[in-house]
Amino acid sequence: MKKRTIFEAMKSHVETTLNGVRNDLISIAAESSVDKETGEITKFVRAEAEVVKGYDSLSRCRFIVKIIDAPLKVTENQLEDNDYNIFFQGLKISYIDTKGNVYFKAENYDVSIAD
């Protein structure tokens, strides 16, 4: 039986806590990347969000999420005119680098105009 680590527990807590909940949308853009080995182009949405108040130590933390093959549901121009909320589905931590930067991905997302 594999021992569970504090690191795995923290990662699971963050994923579970932030999955499907309302966050403030800070920025959003449609982007693409090219695999250097295969030349394959991957299109994705990159969204920066901020955790709303009420989530203890996660409150007001900002994070960036990559959503592969997702349509852009709101533009930067619309974001300048209104405040939006974003909700991530299937949110996962995809990578944590040696400097402590946390990289997220999600299967999908929804946006709504903030109240």
Side-chain angles (χ1 to χ4, degrees):
M1 180 176 180
K2 183 181 175 185
K3 289 184 180 179
R4 187 165 179 194
T5 65
I6 293 290
F7 178 78
E8 290 169 344
M10 288 187 310
K11 183 178 165 186
S12 176
H13 172 71
V14 169
E15 292 173 348
T16 302
T17 302
L18 298 180
N19 192 51
V21 301
R22 178 176 59 94
N23 295 282
D24 293 332
L25 180 59
I26 305 301
S27 67
I28 193 164
E31 299 183 9
S32 63
S33 62
V34 179
D35 185 304
K36 293 177 184 176
E37 293 179 13
T38 65
E40 183 180 345
I41 298 171
T42 302
K43 293 182 179 184
F44 59 92
V45 169
R46 180 183 307 273
E48 182 179 6
E50 183 176 281
V51 181
V52 297
K53 288 182 181 179
Y55 287 92
D56 299 322
S57 61
L58 295 176
S59 296
R60 297 297 178 208
C61 288
R62 287 191 179 189
F63 61 108
I64 296 174
V65 179
K66 184 187 274 190
I67 308 106
I68 305 294
D69 292 328
L72 193 60
K73 297 180 181 180
V74 63
T75 65
E76 278 289 336
N77 288 340
Q78 289 172 304
L79 191 55
E80 288 176 13
D81 295 337
N82 292 296
D83 292 330
Y84 283 84
N85 295 320
I86 188 164
F87 305 81
F88 298 106
Q89 292 90 44
L91 184 71
K92 295 287 182 196
I93 294 175
S94 56
Y95 183 70
I96 301 173
D97 68 18
T98 57
K99 295 181 180 181
N101 296 313
V102 181
Y103 297 85
F104 290 86
K105 65 180 179 181
E107 295 171 7
N108 203 353
Y109 74 105
D110 286 312
V111 294
S112 65
I113 294 178
D115 298 335

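We use all heavy atoms of the structure for the numbers below, so side chains are in, but hydrogens, waters and symmetry mates are not. Throughout, residue positions are numbered sequentially from 1 according to the sequence presented.
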Please list every donor-acceptor pair under 3.5 Å in which a side-chain atom of residues 60-72 meets a protein atom from a residue at least two apart or in another chain.
{"residue": "R60", "atom": "NH1", "partner": "D24", "partner atom": "OD2", "Å": "3.3"}
{"residue": "R60", "atom": "NH1", "partner": "E50", "partner atom": "OE2", "Å": "2.8"}
{"residue": "R62", "atom": "NE", "partner": "E50", "partner atom": "OE1", "Å": "2.9"}

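- Hydrophobic clustering of Ile, Leu, Val, Met, Phe, Trp and Tyr side chains at less than 4.5 Å, counting indirect connections, unites Y109 with V51.
- With hydrogens and angles ignored, the 3.5 Å screen pairs a side-chain donor or acceptor of S59 with a backbone N or O of G54.
- The CG atom of D81 sits 11.5 Å away from atom CD of E76, with the distance rounded to the nearest 0.5 Å.
- In this structure, V111 is a member of the same hydrophobic cluster as L91, with clusters built from ILVMFWY side-chain heavy atoms closer than 4.5 Å.
- The distance from the CZ atom of F104 to the CG atom of N19 is 11.0 Å, given to the nearest 0.5 Å.
- The number of heavy atoms from other shown groups lying within 6.0 Å of CG (D56) does not exceed 12.
- Of the residues D83, L79, N82, N85, the one that meets the side chain to side chain contact (heavy atoms under 4.5 Å, CB included) test with L25 is L79.
- In this structure, CZ on R46 lies 8.5 Å from OG on S33, to the nearest 0.5 angstrom.
- V102 and F7 fall within a single hydrophobic cluster, where Ile, Leu, Val, Met, Phe, Trp and Tyr are joined by side-chain heavy atoms under 4.5 Å apart, directly or via other members.
- Note: the hydrophobic cluster containing V52 also contains F88 (ILVMFWY, side chain heavy atoms under 4.5 Å, direct or indirect links).
- Residue-environment remark: CD (E107) stays at or below the threshold of 12 foreign heavy atoms within 6.0 Å.
- Not a single donor-acceptor pair under 3.5 Å links the side chain of Y55 to the backbone N or O of L18.
- Rounding to the nearest 0.5 Å places CD1 of I93 at 11.5 Å from NZ of K105.
- Here the side chain of S12 pairs no donor or acceptor atom with the backbone of E8 at under 3.5 angstrom.
- Pairs engaging residues 87-101 under the side-chain hydrogen bond (donor to acceptor under 3.5 Å, both in side chains) rule: Q89-D110, D97-N101, D97-Y103 [sequence neighbours left out].
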